[in-house]
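Below is one structure, written out as structure tokens; the observations come after it.
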Amino acid sequence: MAKINFGGVTEDVVTREEFPLAKANETLKEETIAVLGYGVQGPGQALNLKDNGFNVIVGQRKNSKTWDKAIADGWVPGETLFEIEEACQKGTIIQFLLSDAGQITLWPTVKANLTAGKALYFSHGFGITYKERTGIVPPEDVDVILVAPKGSGTSLRRMFLEGRGLNSSYAIFQDATGKAKERAVALGIGVGSGYLFETTFKKEVYSDLTGERGTLMGAIQGIFSAQYEVLRANGHSPSEAFNETVEELTQSLMPLVAENGMDWMYANCSTTAQRGALDWWKKFKDASKPVFEELYAEVAAGKEAQKSIDSNSKDDYREKLEVELAELRDSEMWQAGSAVRKLRPEDN
């Protein structure tokens with residue numbers, strides 16, 4: 001492991017230099033990796049593993065849109081694409097990449113095929129951490145491991161094709177074979193991780209649920225909406241309000257942050273922008289920190305998990321979800337965004 005200093009705190013991380021792809025291939029050369037689910041994480045991880053030379057098969061429900069998507073991506077029925085139960089039987093490593101609700105439904109099938117020495121792999125700590133709610137309790141004679149890319153499966157695949165990597169966390173919940181860690185790290189390298197940092201199943205799901213509801217999705221949408229509405233209420237046009245709220249952030253400033261950090265982004269903005277940002281950021285922190293503290297407490301108490309389980313298990317979940325998504329999609333701000341994106345030079 002490499003020891004890296006993160007702002008004064010030293011962490012052990014795994015890089016591609018110390019655990020190269022050739023070592024990962026050697027570690028898993030006798031394994032058959034069965035990727036269950038071809039929705040959010042499945043395609044990116046499965047295709048990256050295949051392109052990196054691992055023995056990969058996909059398990060998915062036949063006659064579904066995702067089955068057809070897998071075929072379109074080059075998986076061959078009866079050779080590398082199977083129904084879920086058959087994939088479970090064939091796999092020595094079962095990557096359980098169905099949705100949280102899907103994992104609960106399919107768990108009896110997966111558990112029945114977890115024979116001694118196999119590995120059960122997750123990319124989210126939800127099912128194991130909230131096992132009292134999900135019923136997912138693995139047998140004691142299998143490895144239970146996690147590799148969680150810090151982004152969507154789409155981003156994982158795009159970055160892989162660009163020759164880059166998406167950082168991932170990894171965790172060991174159960175080491176029945178004595179090689180759980182080596183399996184996890186090899187898989188992390190195989191799916192295209194930039195580097196791997198250690199966590200636990202509980203910490204992964206707590207940070208993930210907080211992040212999704214916070215800065216990654218929920219908080220950023222709330223902040224976007226608040227600023228856009230204030231600008232519109234004060235007579236600014238939709239184009240001006242959207243460009244100042246979203247477009248400049250995502251197209252100009254965030255790439256600078258990604259490149260060299262927030263301080264570097266500040267240094268590449270006007271002195272007027274610097275002064276205003278330095279004057280106001282602590283006010284936003286003070287206003288939002290209590291919300292984040294409430295959010296984390298809800299996650300730790302299992303309340304957010306239960307909400308997700310309850311809503312996802314309802315027959316009309318998809319219909320209700322579409323109504324809520326339509327509220328975002330049809331809002332003036334995102335309608336303005338659709339128009340702005342069409343006007344980008346590269347999209348013409």
Side-chain angles (χ1 to χ4, degrees), residues 33-46 58-67 69-70 82-89 91 93-115 118-149 152-153 169 171-174 199-213 217 298-322 324-325:
I33 304 167
V35 178
L36 306 188
Y38 209 73
V40 177
Q41 279 289 335
Q45 293 200 33
V58 170
Q60 185 55 46
R61 285 183 295 107
K62 207 176 223 179
N63 301 321
S64 64
K65 290 181 180 179
T66 41
W67 176 275
K69 175 174 168 37
F82 303 91
E83 294 214 54
I84 287 176
E85 185 167 9
E86 188 172 0
C88 288
Q89 293 167 357
I93 296 173
I94 297 177
Q95 291 197 331
F96 206 12
L97 301 184
L98 296 160
S99 68
D100 295 326
Q103 287 183 11
I104 295 170
T105 301
L106 267 296
W107 175 239
T109 298
V110 174
K111 185 178 181 180
N113 290 284
L114 281 173
T115 53
K118 287 191 175 187
L120 178 62
Y121 167 112
F122 294 85
S123 283
H124 191 23
F126 191 100
I128 293 292
T129 300
Y130 301 115
K131 57 184 180 294
E132 293 83 3
R133 302 169 188 266
T134 65
I136 297 176
V137 181
E140 294 181 357
D141 55 3
V142 301
D143 292 342
V144 182
I145 58 180
L146 173 145
V147 174
S152 71
S169 60
I172 314 301
F173 180 76
Q174 190 166 282
T199 188
T200 66
F201 274 63
K202 181 182 286 187
K203 287 180 179 176
E204 190 285 327
V205 75
Y206 282 14
S207 62
D208 190 71
L209 293 182
T210 299
E212 289 168 349
R213 287 149 180 75
M217 296 173 67
E298 293 282 295
V299 169
K303 293 181 180 179
E304 287 300 306
Q306 193 62 51
K307 287 179 189 175
S308 180
I309 292 169
D310 291 344
S311 62
N312 292 352
S313 62
K314 293 178 180 176
D315 292 338
D316 61 350
Y317 168 69
R318 289 289 175 186
E319 291 79 1
K320 288 184 176 178
L321 177 66
E322 181 54 34
E324 292 183 270
L325 291 174

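Just so you know, these numbers come straight off a predicted model, no measurement behind them. For the numbers below, each heavy atom of this structure counts, side chains included, while hydrogens, waters and symmetry mates do not.
To the nearest 0.5 Å, atom CZ of residue Phe201 and atom CD1 of residue Ile145 are 8.0 Å apart. Rounding to the nearest 0.5 Å places CG of Leu146 at 9.5 Å from CD1 of Ile128. With rounding to the nearest 0.5 angstrom, the CG atom of Asp143 is 12.0 Å from the CD1 atom of Ile94. Atom CD1 in Ile309 sits 9.0 Å away from atom OH in Tyr130 (nearest 0.5 Å). Note that CE of Met217 is 6.5 Å distant from CD of Glu212, once rounded to the nearest 0.5 Å. Rounding to the nearest 0.5 angstrom, the gap separating the OG1 atom in Thr210 from the CD atom in Glu298 is 10.5 Å.
Across every non-hydrogen atom of Ala87 and Gly59, the tightest pair is CB-CA, 3.6 Å. A pairwise comparison of heavy atoms in Tyr38 and Ala70 identifies CE2-CA, 3.5 Å as the closest pair. Listed here is the closest heavy atom pair of Gln45 and Tyr121: OE1-OH, 2.7 Å.
Judged as a side chain to side chain contact (heavy atoms under 4.5 Å, CB included), and not counting sequence neighbours, the contacts of Gln174 are Val142, Val144. Residues forming a side-chain hydrogen bond (donor to acceptor under 3.5 Å, both in side chains) with Asn312 (at least two apart in sequence, or on another chain): Ser308, Tyr317.
By the 4.5 Å heavy-atom criterion applied to side chains, Leu114 and Leu120 are counted as neighbours. Under the 4.5 Å side-chain criterion, counting only non-hydrogen atoms from C-beta, Phe122 is in contact with Ile136. Two residues are said to be in side-chain contact when any heavy atoms from C-beta on lie closer than 4.5 Å; Arg318 and Glu322 fail this criterion.
No more than 12 heavy atoms of other residues, nucleotides or ligands lie within 6.0 Å of CZ in Arg61, so this atom counts as exposed by the packing criterion. Counting heavy-atom neighbours within 6.0 Å of Glu319 CD, excluding the residue itself, gives a total above 12.
Legend: side chain to side chain donor-acceptor pair (under 3.5 Å) pairs involving residues 97-107, not counting sequence neighbours: none detected.
Between the side chain of Glu204 and the backbone N or O of Gly125 there is at least one donor-acceptor pair closer than 3.5 Å. A donor-acceptor pair under 3.5 Å links the side-chain atoms of Lys118 to the main chain of Gly91, judged by distance alone.
Between His124 and Phe126, the angle of the ring planes lies from 30° to 60°, which puts this pair in the tilted group.
Looking at Thr66 and Gln60, their side chains do bring a donor and an acceptor atom within 3.5 Å of each other.
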